[in-house]
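To start, the structure under review is shown below, and the notes come after it.
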Amino acid sequence: MTRFIFITGGVVSSLGKGLCSASLGALLQARGYRVRLRKLDPYLNVDPGTMSPYQHGEVYVTDDGAETDLDLGHYERFTGVSSRGSDSVTTGRIYSNVIAKERRGDYLGGTVQVIPHVTDAIKEFIQADITDEDFVLCEIGGTVGDIESLPFLEAIRQLGNELGAERSLFMHLTLVPFISAAGELKTKPTQHSVKELLGLGIQPDILMCRIDRPLPSSDRRKIALFCNVREEAVIPAMDVDTIYRVPIAYHDEGLDTQVCKHFKLPTEQEPVLQRWSDIVENVCRPEGEVTIAVVGKYVQLKDAYKSLSEALEHGGIANRVKVKLDWIDSEIFEREDVVSHLEHVDGILVPGGFGERGAQGKILAAKFARERKVPYFGICFGMQMAVIEAARNIAGIEKASSTEFGPTPDAVVGLMTEWVKGNEVQKRTSETDKGGTMRLGAYPCALKPGSRVAEIYASPSITERHRHRYEVNINYRSQLEKTGLVFSGMSPDGVLPEIVEYPDHPWFVGVQFHPELKSKPFEPHPLFTSFIQAAVTQSRLV
Ligand code: GLN
């Protein structure tokens with residue numbers, strides 16, 4: 001029997017609903033249950049794929065090629081359960097499906113309305129593609145009180161009523177702020193938020209109260225009384241030093257016990273949390289430190305590189321070191337000398353990116369890393385820029401560029417359709433829609449025997465997730481390999497370069513895919529583990 005847990009948020013945004021959902025998922029898993037986590041986002045974009053990272057943070061890509069909310073990354077990192085396209089939906093997608101049905105004549109004769117047609121579509125989504133899961137956790141994006149989340153809240157209200165309390169639970173995350181002028185914690189915002197929810201017909205069963213200090217029992221009682229929630233179900237969610245402590249912290253406050261009690265499930269046996277205490281121990285007691293420069297474009301907004309910074313931390317966990325990140329806006333290299341910014345770092349990472357702005361700075365970072373023998377990790381755009389750097393500065397292809405930046409006589413990076421004639425597989429052209437038209441999701445890759453990556457992965461073939469429109473042009477392979485750059489990972493048909501590396505460099509790897517999407521704290525990605533290991537070696541040199 002699948003039970004549904006609906007997670008809403010109130011008072012303010014950015015309370016960490018995604019982490020809260022992911023942590024509850026991890027706790028239920030630690031009690032031996034199978035879980036799946038889902039996100040419902042109230043905006044009108046069909047998916048976040050076309051949104052700037054400044055607007056929405058990172059776009060998280062699933063194996064099946066869906067472009068989703070970054071919270072799905074938290075879900076995967078905390079539970080290890082691979083997310084699917086069916087785990088993420090937006091108002092935009094719901095409406096476009098309903099409208100497509102209307103156009104097809106599926107509702108012939110009927111007036112199509114938010115209730116029941118839109119709410120039915122939401123309920124269908126929540127219950128679709130479930131097999132043997134014990135729990136499905138559904139997080140509703142936005143904050144209670146937003147106009148745009150109303151259809152979602154109405155849909156979960158209906159579903160809660162249909163499933164009954166034995167199969168559904170409402171959890172609400174709020175803020176209990178400390179007002180320094182008064183020297184007091186305030187419960188009123190929580191009361192108001194629950195009142196808002198009650199006005200929509202939803203009585204929360206569990207309240208998670210974000211708070212920066214211990215919640216006194218008098219305040220806990222007060223919240224319980226005014227919000228009509230049992231006192232033990234008012235759970236303080238205190239700030240912690242590392243996000244990987246959250247499952248343990250929530251367990252200590254009784255979250256999973258309360259959830260189990262609600263569903264009348266046994267609570268005597270403690271969940272197995274060893275995995276989490278090991279990670280926390282590792283994060284909090286590092287044996288050293290390395291500094292990695294992340295040379296990117298969206299460096300002001302850390303959420304734009306969420307999975308990346310997590311994966312780097314995982315690499316640190318694997319090597320028992322703290323990974324300090326030096327976020328550098330690549331545009332700065334157009335005005336200032338690269339050396340002063342990069343000479344002190346132990347590794348350089350150029351992450352994924354789009355557009356010409358800042359590209360020259362990334363090429364300079366790759367050149368610095370290659371020449372100075374500093375560990376370099378190029379991810380997607382970072383690989384493409386490293387290849388252009390080799391083409392221009394070693395192979396002597398002066399005009400080498402990417403067609404992403406405009407027409408070029410030497411499209412070392414380009415749309416595949418521009419350099420493969422009569423190609424049937426690839427349908428992407430510069431005219432096609434932008435939304436959902438990149439090479440998306442998991443693709444296999446064959447590794448060159450004896451290469452560094454074959455050794456790192458300890459396997460001749462791998463699959464990794466992609467999100468890009470342009471490819472390194474295979475027609476330049478021999479020219480590029482003469483520079484010492486080895487094409488060590490290729491698509492199984494041998495057409496698409498997936499990995500490049502310099503064997504005579506301490507650690508220089510460029511990958512066309514996004515390995516950061518699959519890294520987990522309890523299973524650090526081998527490339528990140530190896531990169532950080534190289535940075536540790538480098539740190540001993542400088
Ligand atoms: N802009 C590049 C492309 O579309 C790289 C994308 C990325 O780094 N994710 O191919």
Side-chain angles (χ1 to χ4, degrees), residues 47-54 56-62 65-68 70 73 294-299 301 303-309 311 329-331 348-363 365-366 376-389 391 400-406 408 411-420 426-443 445 464-474 476 489 491 495-500 509-518 527:
D47 61 43
T50 54
M51 272 190 253
S52 149
Y54 286 125
H56 195 260
E58 160 189 283
V59 174
Y60 190 78
V61 182
T62 57
E67 296 178 281
T68 71
L70 57 79
V294 180
V295 183
K297 183 153 93 173
Y298 318 106
V299 291
L301 183 77
D303 266 1
Y305 301 110
K306 194 75 214 163
S307 296
L308 182 73
S309 49
D329 182 345
S330 60
E331 273 187 294
I348 298 169
L349 191 149
V350 176
F354 292 84
E356 191 168 15
R357 186 167 64 78
Q360 185 53 28
K362 295 175 190 176
I363 292 172
Y376 177 89
F377 197 177
I379 294 183
C380 206
F381 201 64
M383 171 208 190
Q384 297 173 356
M385 295 307 105
V387 169
I388 291 174
E389 193 278 317
S401 187
S402 167
T403 53
E404 184 172 1
F405 312 150
T408 164
V412 171
V413 177
L415 284 178
M416 194 180 162
T417 40
E418 291 167 337
W419 49 265
V420 177
Q426 288 278 325
K427 294 280 178 336
R428 292 172 281 145
T429 72
S430 46
E431 272 82 49
T432 46
D433 278 356
K434 291 276 185 283
T437 56
M438 286 186 262
R439 178 144 80 104
L440 287 167
Y443 282 85
C445 164
E464 292 281 4
R465 296 181 196 169
H466 290 246
R467 181 174 185 254
H468 54 101
R469 193 165 274 115
Y470 301 87
E471 311 276 355
V472 170
N473 185 341
I474 188 72
Y476 287 89
S491 58
V495 174
L496 299 172
E498 304 280 34
I499 310 179
V500 295
V509 176
V511 296
Q512 187 57 81
F513 43 80
H514 288 275
E516 71 274 25
L517 301 176
K518 294 217 306 201
L527 283 174

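Here the structure is a predicted model, which is why all the values come from computation and not from measurement. Both ligands and their constituent atoms are indexed starting at 1 by order of listing.
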May I have the N/O to N/O pairs between ligand 1 and the protein that fall below 3.5 Å, each with atom names and distance to one decimal?
| from | atom 1 | to | atom 2 | distance (Å) |
| --- | --- | --- | --- | --- |
| ligand 1 | 1 (N) | Gly353 | O | 2.9 |
| ligand 1 | 1 (N) | Glu404 | OE1 | 2.8 |
| ligand 1 | 1 (N) | Glu404 | OE2 | 2.9 |
| ligand 1 | 4 (O) | Arg469 | N | 2.9 |
| ligand 1 | 8 (O) | Gly353 | N | 2.9 |
| ligand 1 | 8 (O) | Gly353 | O | 3.4 |
| ligand 1 | 8 (O) | Phe381 | N | 3.1 |
| ligand 1 | 9 (N) | Arg467 | O | 2.8 |
| ligand 1 | 9 (N) | His514 | NE2 | 3.1 |
| ligand 1 | 10 (O) | Gln384 | NE2 | 3.1 |
| ligand 1 | 10 (O) | Arg469 | N | 3.1 |
| ligand 1 | 10 (O) | Tyr470 | N | 2.8 |
| ligand 1 | 10 (O) | Tyr470 | O | 3.4 |

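Partners of Glu58 under the salt bridge (Lys or Arg N to Asp or Glu O under 4.0 Å) rule, at least two apart in sequence or in another chain, do not exist in this structure. For Arg465, the salt bridge (Lys or Arg N to Asp or Glu O under 4.0 Å) test picks out Asp63, Glu76, with sequence neighbours left out. Every side chain to side chain donor-acceptor pair (under 3.5 Å) that Gln360 has, sequence neighbours left out, goes to Arg392.
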Between Ile363 and Met385, is a side-chain contact (heavy atoms from CB on, under 4.5 Å) present by the stated rule, with each step listed?
CA-CA 5 Å; Ile363 292 172; Met385 295 307 105; 3.9 Å; yes

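Ring pair Tyr443/His466 is perpendicular by interplanar angle, where above 60° counts as perpendicular and below 30° as parallel.
Between Arg469 and Glu404, none of the side-chain N atoms (NZ, or NE/NH1/NH2) sits under 4.0 Å from a carboxylate O, so this pair counts as no salt bridge.
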